[in-house]
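Here the structure comes first, spelled out in structure tokens, and everything after it is commentary.
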Amino acid sequence: MKVQEDVKSVLIVDDEEMVRLTYAGYLKELGFKTLEAGNGDKGLQMISKHKPDVVLLDLLMPGKSGIETLRDIKKDSADLPVIMLTAFGDIPSAVEAMKAGAYEFMTKPPDFDKLGILVRNAVDHISAKKKVKLLTSILSDSIKVHLGDSRAMSKICNDIITVAETGMSVIIEGETGTGKGYIAKLIHSLSKRAGKPLVKVDLSLIPEALVESELFGYEKGAFTGADKSKKGFFETANYGTILLDELQTVPRHLQNKLLSAVEDRKITPLGSQQSREIDIRIIALANRSLEELVKQDSFGADLYYRLNEYLIKIPALRDHKEDIAFFAGRFLTELTNELQKVIYGFTDDAIALLGFHDWPGNLRELKNVIRRAILICKSDIIDHGDLAFLRAYVKGYRPAPTGRKSEKIYKSLREITNKAIESVEKDAICHVLNITGGNKKKAASLLQVDYKTLFNKIRDYRMTFPEEPLTLRPPRLDVRSRRPF
């Protein structure tokens, strides 16, 4: 079947027929499809029915004015670019139109060369915006495969996506074991510095007397025992990212030197008279609120505010217990591979027991508990009996009465991950094919895969397009056997 070319459409809304015909003739010569409406209400109907790519809208029309029409357009089609046109090029009208969401403002009669450029730019703008939205959605879903999709974790996902590519310094706060280092690594891997060095420095493990030399390096002979020069962590991380873990432990007298390195992007090794330029991103981790420490005068305000270009606060596990089953499944898959045991999931009673614990050690403690339960478990499902060692720390938990079986089994992360990836890929393919009007070559280009890969995925996922609306028919899954039936 021959796929129709992806021709962009422009809706012309103007009460003068001759004006509409003039615009339409010019835009058709440029390769656009044109639609016409004689007033604001008809224009809104055309938008709802035909979904144009750009709107040319007259400002002064009888009945519903151009500004009123623009506001109504933006209610239902916020991303649709609208170019306002009027014979009265007064500044107040232009300002009002731009505030109402107009893409641009031109006077009538327009310079047609400029109008053509403006329409093309508007089309490119909306296409780029759709691509960014699509890629952001795919990225968000991919991160949620690793972090869960509760409200608390969704906010963390959004924070990661928002800050990753900016290059800004980031402070990540959270209790011990909440996954601060993991979040920092995700930010680095999604940044423009991915592939460059990622250097983690646990400041709490470095003796106070050695912090400066370890961070900034030293020259040969700088002190007794310095028989050769050594790069510090900052220079080792050059062009990449440095993770400063336990930032709150940096001695006050060294915070000024750290601040100078952060602000000037220069370091001076011990024993050297020359500074060295560095190009790094700094992500600082702390298990206490640095803002509170600043208020207590236990941490330097200057360093805090310089590093705090973006703040991410990770909640304790006890504050988002709805994610316990997800993380338990994630750790189960990771650790069964490590320990070479075959275990498919958890019973309801096992998950309920995990939910009663307050998890002072957060995810790190949960991972250790799952590791121990895997070692104890004698079947292919972890039950509450395999977590008996946890009961001493849990108040209020009561297992199901003897003889009652738990009906629900929580899947392993491998199964959750596979199904999540499949769902994300289906949604992405659907969305892009709808954008391209079924043009698979353009869809493959937008998704950055070759045509054959896209074709095979459409076939494997049993998707039909465009003879009928895209239909997804994933097989039902038997949780215990993990085989389609």
Side-chain angles (χ1 to χ4, degrees), residues 4-134 136-137 431 434-437 442 446:
Q4 186 180 5
E5 288 294 323
D6 183 22
V7 178
K8 301 300 181 182
S9 60
V10 181
L11 171 63
I12 305 164
V13 185
D14 196 298
D15 60 304
E16 296 183 41
E17 184 178 4
M18 186 56 66
V19 171
R20 298 198 304 271
L21 290 173
T22 302
Y23 291 159
Y26 174 72
L27 291 170
K28 286 177 181 176
E29 288 181 3
L30 296 180
F32 292 102
K33 176 183 176 182
T34 60
L35 306 165
E36 298 177 27
N39 58 54
D41 288 327
K42 288 183 180 178
L44 292 169
Q45 293 173 9
M46 296 287 280
I47 291 171
S48 177
K49 182 177 180 180
H50 297 286
K51 310 294 183 187
D53 297 289
V54 182
V55 176
L56 295 183
L57 178 61
D58 190 24
L59 184 64
L60 297 179
M61 296 184 294
K64 189 188 292 288
S65 72
I67 292 293
E68 291 173 327
T69 304
L70 174 63
R71 290 194 177 108
D72 287 342
I73 290 173
K74 291 300 173 180
K75 287 178 184 177
D76 297 322
S77 307
D79 292 334
L80 178 61
V82 179
I83 299 171
M84 301 297 296
L85 297 164
T86 181
F88 304 92
D90 59 297
I91 298 301
S93 297
V95 172
E96 187 178 3
M98 298 305 286
K99 284 183 177 179
Y103 175 76
E104 193 51 88
F105 186 95
M106 291 190 73
T107 56
K108 293 166 61 177
D111 179 324
F112 279 96
D113 289 337
K114 290 183 179 179
L115 178 62
I117 292 171
L118 196 57
V119 171
R120 285 196 181 100
N121 288 344
V123 168
D124 291 341
H125 172 78
I126 194 64
S127 296
K129 202 168 183 179
K130 285 180 179 178
K131 184 175 180 179
V132 168
K133 277 190 173 182
L134 171 65
T136 300
S137 175
H431 189 72
N434 282 326
I435 289 175
T436 63
K442 290 187 177 181
L446 190 60

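Along the sequence shown, the residues carry numbers beginning at 1. As a basis for the values below, the full set of heavy atoms in this structure was taken, side chains included, without hydrogen atoms, waters or symmetry mates.
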Inset, instruction - Show your reasoning for whether side-chain contact (heavy atoms from CB on, under 4.5 Å) applies to V123 and V54. - result: CA-CA 7 Å; V123 168; V54 182; 3.6 Å; yes

Legend entry - Criterion side-chain contact (heavy atoms from CB on, under 4.5 Å) on V55 and V10, from CA distance to verdict: CA-CA 6 Å; V55 176; V10 181; over 6 Å; no

Inset, instruction - Check for a donor-acceptor pair, side chain of S65 on one end and backbone N or O of E68 on the other, with a separation under 3.5 Å. - result: yes

Inset, instruction - Taking Y23 for its side chain and I12 for its backbone only, find out whether a donor-acceptor pair lies under 3.5 Å. - result: no

Inset, instruction - To the nearest 0.5 angstrom, please state how far the CG atom of L118 sits from the CD atom of E104. - result: 5.5 Å

Inset, instruction - Grab the two heavy atoms, one from R120 and one from F32, that are nearest each other, plus how far apart they are. - result: CG-CZ, 3.9 Å

Inset, instruction - Please tell me if the side chains of L85 and F105 come closer than 4.5 Å, counting only heavy atoms from C-beta onward. - result: no

Inset, instruction - Measure the spacing between CG of L30 and CZ of F112 and express it to the nearest 0.5 Å. - result: 10.5 Å

Inset, instruction - Taking all non-hydrogen atoms of both residues into account, name the closest pair between P52 and S9 and its distance. - result: CA-OG, 3.2 Å

Inset, instruction - Hey, could you give me the CG/NZ distance between D124 and K8, rounded to the nearest 0.5 Å? - result: 9.0 Å

Legend entry - CG-CD distance between L11 and Q45, expressed to the nearest 0.5 angstrom: 11.5 Å

Inset, instruction - Could you walk me through whether K64 and N39 pass side-chain contact (heavy atoms from CB on, under 4.5 Å), step by step? - result: CA-CA 7 Å; K64 189 188 292 288; N39 58 54; over 6 Å; no

Legend entry - Donor-acceptor under 3.5 Å (D58 side chain, M61 main chain): no

Legend entry - Heavy-atom side-chain proximity of M106 to K114 below 4.5 angstrom: yes

Inset, instruction - Look at the side chain of R20 and the backbone N and O of D14, then say whether any donor-acceptor pair between them is shorter than 3.5 Å. - result: yes

Inset, instruction - For the pair S48 (side chain) and L44 (backbone), establish whether a donor and an acceptor sit closer than 3.5 Å, ignoring hydrogens and angles. - result: no

Inset, instruction - Compare all side-chain heavy atoms of I47 with those of K51 and state whether any distance is below 4.5 angstrom. - result: no

Legend entry - Spatial distance of atom CG (D72) from atom CD1 (I67) [nearest 0.5 Å]: 11.5 Å

Inset, instruction - Please check if the side chain of K74 supplies one atom and the backbone of A102 the other of a donor-acceptor pair under 3.5 Å. - result: no

Inset, instruction - Kindly indicate whether the side chain of V13, heavy atoms from C-beta on, has any atom under 4.5 Å from the side chain of L56. - result: no

Legend entry - Point-to-point distance, once rounded to the nearest 0.5 Å, from OG1 of T22 to CG of L27: 10.5 Å

Inset, instruction - Take L57 and L70 through the test side-chain contact (heavy atoms from CB on, under 4.5 Å) and record every step on the way to the result. - result: CA-CA 8 Å; L57 178 61; L70 174 63; 4.0 Å; yes

Inset, instruction - Run the salt-bridge test on D53 and K33 with the 4.0 Å N-O cut-off and return the result as yes or no. - result: no

